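Chain letters run A, B, ... following the sequence lines, proteins first and then strands; every chain starts at 1. In this text the structure is predicted, and so the values were computed from the model without any measurement.
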Amino acid sequence: AYTFTICIKILGRAGRFDEARALWRQMQEFCEPDVVAYSTLMDVLCFAGRLNEARELLKQMKSRQCRPDYVVYNILIHKYGDSGNVDAAWEVWKEMEADGCVPNVVTFTSLINALCNGSKVDEALGLLDEMVERGHLPNLCTYNSLIGGLLKSTRLEEAQNFLQFLLTCGCEKPTSFTYNLFIDYYGKNGKSDEAYEAFLEMKRKGISPDVVSFNVCIDSLGRAGRIEEANALFKEMRERGVSPDVITYNVMICSYGKAGKVDEAIHLFSQMIGNGCEPDAVTFNTLIDIHYKRDRIDEAWKMFKKMQEMNLHPTIVTYNILVNGLGKDGSVNEAVDLFHEMKKRGCMPNVITYNSILDCLCKNNKVDLAFKMMDDMTENGCRPD
RNA sequence: GCCCGGCACUUUCCUAGC
């Protein structure tokens, strides 16, 4: 069961879900799966977004008198919370307690995190109190979730209070995770100086910046158009032995794009390939957008072709960039065609797609078509904003 | 008793608005 579990986990992480399931079947011929095996498969199924199968597995466990432990429930709660379905997460929580299984720190943190992501920070803070009342000690993950939630609601002072608490009274000291939250917050809110200051503060506290620290800090400088300083950090990270990842390159490319330095962006793209870093869909989306916005339309479509040659599927964002680009330069029919094309390819338009196409239709006096599009929009469960 | 297989926290791309 040991060996099988490890293999199932590896397959799952690699996105080879059906093989993981097949191995699971094979395993049952050899031995009865234990709780850990169940939870591993549960995690794989949830990771794949196959929640119904995950629920089914939970039922199966119970019927085979393998008592689910808290990990099994935690995985489900986390997944529901992650997909924004806090109510379903609570349902699982209730089921868990009804089955005589006690929620632990991870259970609480998963839900706190879900509430924070849904901008229900006050409920999250309430849950923190309840957790303490029930005798569970919040840990660093719990506090990081809360700090992230507070920052998302721009409640900076409360977030800083938690940081102070961690620095002075908490038994777990803050890590790069904690500081990254602050750096990111400042960067996203146009405070690149403060972001950089938080980055320095973290170093002063003896915490080594990790790849995410550099990524968020570079991003904040890039947003502010401080491309030279972003580039300096890009250099610094390598000097410190922190390897840039695909996100680092994406952020750098995007920063150069914002600064209008298209050639440098393209250069970075070749550099990343040269360094063995595989571009992903975001890389291409970023480049396509840069090209389109600089009226290098042929180049944009070349990139679109190239990404498919590299077996990267266009995402909703790819189509949005192209639909928007076509609309902006007056190619109304082409924009509408692509709009239908994306649906045909199984990529459902979202609000952004509709806004782009409506904007283009209205500006080109195709009001009747625009109204038809509005209907189409509501039919697709997208409400006009 | 400890370690050995399972769970929770941070980053990038697109519209319009601010």
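Look at A:K9 and you won't find any side-chain N or O under 4.0 angstrom from OP1 or OP2 of B:rG5. Dashed line: the shortest gap from a side-chain N or O of A:K328 to OP1 or OP2 of B:rA16 is under 4.0 Å. Taking side-chain N and O atoms only, A:K188 has a distance below 4.0 Å to OP1 or OP2 of B:rU12. Within the structure, every side-chain polar atom (N or O) of A:R13 is placed at least 4.0 Å from both OP1 and OP2 of B:rG6.
Under a 4.5 Å side-chain heavy-atom cut-off, the cluster of Ile, Leu, Val, Met, Phe, Trp and Tyr residues that includes A:V367 is completed by A:F371.
With distances taken from any side-chain atom of A:N324 to the nucleotides B:rU15, B:rG5, B:rU12, the minimum falls on B:rU15. Between B:rC9, B:rU12, B:rU15, one nucleotide has an atom nearer to the side chain of A:I247 than all others, and that is B:rU12. Residue A:V282 places its side chain closer to B:rU12 than to any other of B:rU10, B:rC9, B:rU12. Checking B:rC13, B:rG6, B:rC9 against every side-chain atom of A:S39, the shortest atom distance belongs to B:rG6. Out of B:rG5, B:rC9, B:rA8, the shortest distance to the side chain of A:N144 is found at B:rC9. The side chain of A:T109 lies closest to B:rA8 when the candidates are B:rC14, B:rU15, B:rA8. If you check B:rU15, B:rG6, B:rU11 against the side chain of A:V71, the one that comes closest is B:rG6. Closest to the side chain of A:S110, from the set B:rA8, B:rC7, B:rG6, is B:rA8. Side-chain atoms of A:K293 lie closest to B:rU15 of the nucleotides B:rG6, B:rU15, B:rU11.
With A:N250 as the fixed residue, the side chain to side chain donor-acceptor pair (under 3.5 Å) test singles out one of A:D280, A:N215, A:T286: A:D280.
Put simply, CG on A:D82 is 13 Å from C1' on B:rU10, counting in whole angstrom units. With rounding to whole Å, A:F304 atom CZ is found 14 Å from B:rC14 atom C1'. When rounded to the nearest whole Å, the span between CG of A:L181 and P of B:rA8 equals 16 Å. If you measure from atom CG of A:N320 to atom P of B:rC14, you get 11 Å, rounded to the nearest angstrom. The distance from atom OH of A:Y249 to atom C1' of B:rC13 is 18 Å, rounded to the nearest whole Å. For the pair A:Y179 OH and B:rU10 P, the interatomic distance rounds to 18 Å; values are reported in whole Å. Summarising the geometry, the separation between NE2 on A:H291 and P on B:rC13 is reported as 18 Å, rounded to the nearest angstrom. Counting to the nearest Å, the C1' atom of B:rG6 and the NE2 atom of A:H78 are 14 Å from each other.
A salt bridge links A:D18 with A:R50: the distance from a Lys NZ or Arg NE/NH1/NH2 to an Asp or Glu carboxylate oxygen falls below 4.0 Å. A salt bridge links A:K62 and A:D99; the closest N-O separation between the charged side-chain nitrogens and carboxylate oxygens is under 4.0 Å. At a threshold of 4.0 Å, the pair A:D193-A:R226 counts as salt-bridged, since one of the basic side-chain nitrogens sits closer than that to a carboxylate oxygen.
Remark: the A:Y2 side chain and the B:rC4 base include a donor-acceptor N/O pair separated by less than 3.5 Å. Between the side chain of A:T40 and the base of B:rG6, no donor-acceptor pair under 3.5 Å is found. A donor N or O paired with an acceptor N or O is found under 3.5 Å between the base of B:rG5 and the side-chain atoms of A:D34.
Here A:E130 pairs with A:R134 under the side chain to side chain donor-acceptor pair (under 3.5 Å) rule; sequence neighbours left out.
At the heavy-atom level, A:T5 lies under 4.0 Å from base atoms of the strands shown. At the heavy-atom level, A:D184 lies under 4.0 Å from the strands shown only through sugar-phosphate atoms. Residue contacts for A:D210: at a heavy-atom cut-off of 4.0 Å it reaches no nucleic acid atom on any strand shown. Among the heavy atoms of the strands, none lies under 4.0 Å from A:D245. Among the atoms of the strands shown, base atoms are found under 4.0 Å from some heavy atom of A:V212.
Stacking annotation: A:F177 is stacked on the base of B:rC9 (ring centroids less than 5.5 angstrom apart, interplanar angle below 30 degrees).
By the 30° and 60° cut-offs, the orientation of the rings of A:F165 relative to A:Y143 is tilted.
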